[in-house]
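This report refers to the structure that appears directly beneath it.
Atoms considered below: every heavy atom in the structure, side chains included; atoms not considered: hydrogens, waters and symmetry mates.
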Amino acid sequence: MIKAFGIFALLMMTAGISKACVGFTGAYSTFRAAAGNYHVIVLEQNDCKAVAVGSFQLDEKTSVVSNEVEPKIFYVDKDHAKMCELTTCRVFTTNRNGLEFAENASLYIDGTTCRYDRVYWSRENTWDLKVTYRLVDSSSACRKYGRMHSVLLKDIKHANY
């Protein structure tokens, strides 16, 4: 009886420590047309080990697909870096809502370019992907957005575009 309780307690502690693994496999877009096309990002997740990224253009009127880029593993867990299929990859960690990774780049927000240093992926709902950027730009134009800025990417299979 005591041995069974000890095993149960160990399992409960292990479950409490384990990382969340949110599935992000799908095809997503903001559905903001550029030159008559929607840009669609394709994610293929391999458990919590890696995420492959591809893309294509979707004609906003005819829904014809063009400019397809086959998914390649670009995001990897630190313990699975060898799965990377490109010259360099982003190393992610999981958190209770999804995953996050470091990335020093810029984001265009309402006509303003702001720098960020970290990206968080989470589910907005059952289908959609919420991408949140931690802004580090100290310019007055960027400070008005606060420390975080999120972009919602709609799952193209479940969006009304």
Over all atoms of both residues, closest heavy-atom pair of [X] and [Y]:
X: Leu135; Y: Gly146; answer: CD1-O, 3.6 Å
X: Asn37; Y: Gln57; answer: CB-OE1, 3.4 Å
X: Leu58; Y: Val40; answer: CB-CG2, 4.1 Å
X: Pro71; Y: Glu85; answer: O-OE1, 4.3 Å
X: Val76; Y: Ala81; answer: CG2-CA, 3.8 Å
X: Arg90; Y: Ala102; answer: CD-O, 3.6 Å

Quick one: are [X] and [Y] in side-chain contact, heavy atoms under 4.5 Å?
X: Asp137; Y: Thr112; value: no
X: Arg147; Y: Val136; value: yes
X: Ile41; Y: Val53; value: yes
X: Ile109; Y: Tyr145; value: yes
X: Asp155; Y: Tyr28; value: yes
X: Arg123; Y: Lys130; value: no

Euclidean distance, [Y] [atom2] relative to [X] [atom1], rounded to 0.5 Å:
X: Tyr38; Y: Ser63; atom1: OH; atom2: OG; value: 8.0 Å
X: His149; Y: Leu107; atom1: NE2; atom2: CG; value: 5.5 Å
X: Ser29; Y: Leu153; atom1: OG; atom2: CG; value: 7.5 Å
X: Cys48; Y: Asp79; atom1: SG; atom2: CG; value: 11.5 Å
X: Glu44; Y: Lys72; atom1: CD; atom2: NZ; value: 11.0 Å
X: Lys82; Y: Cys89; atom1: NZ; atom2: SG; value: 14.0 Å

Any side-chain to backbone donor/acceptor pair from [X] onto [Y]? Under 3.5 Å, distance only.
X: Asn46; Y: Lys49; answer: no
X: Thr25; Y: Gln45; answer: yes
X: Arg115; Y: Ser106; answer: no
X: Arg134; Y: Tyr120; answer: no

Does the distance from a Lys or Arg side-chain N to an Asp or Glu carboxylate O, for Asp128 and Lys154, drop under 4.0 Å? yes
Is the gap between the ring centers of Trp121 and Phe92 under 6.0 Å?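 No, too far apart.
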Quick check on the hydrophobic clustering: are [X] and [Y] connected, directly or via other members, by side-chain heavy-atom contacts under 4.5 Å?
X: Phe31; Y: Val42; value: yes
X: Val91; Y: Leu43; value: no
X: Phe74; Y: Val119; value: yes
X: Val51; Y: Val151; value: yes
X: Trp127; Y: Ile156; value: no

If you count every heavy atom of other residues, nucleotides or ligands that lies below 6.0 Å from Glu103 atom CD, does the total exceed 12? yes
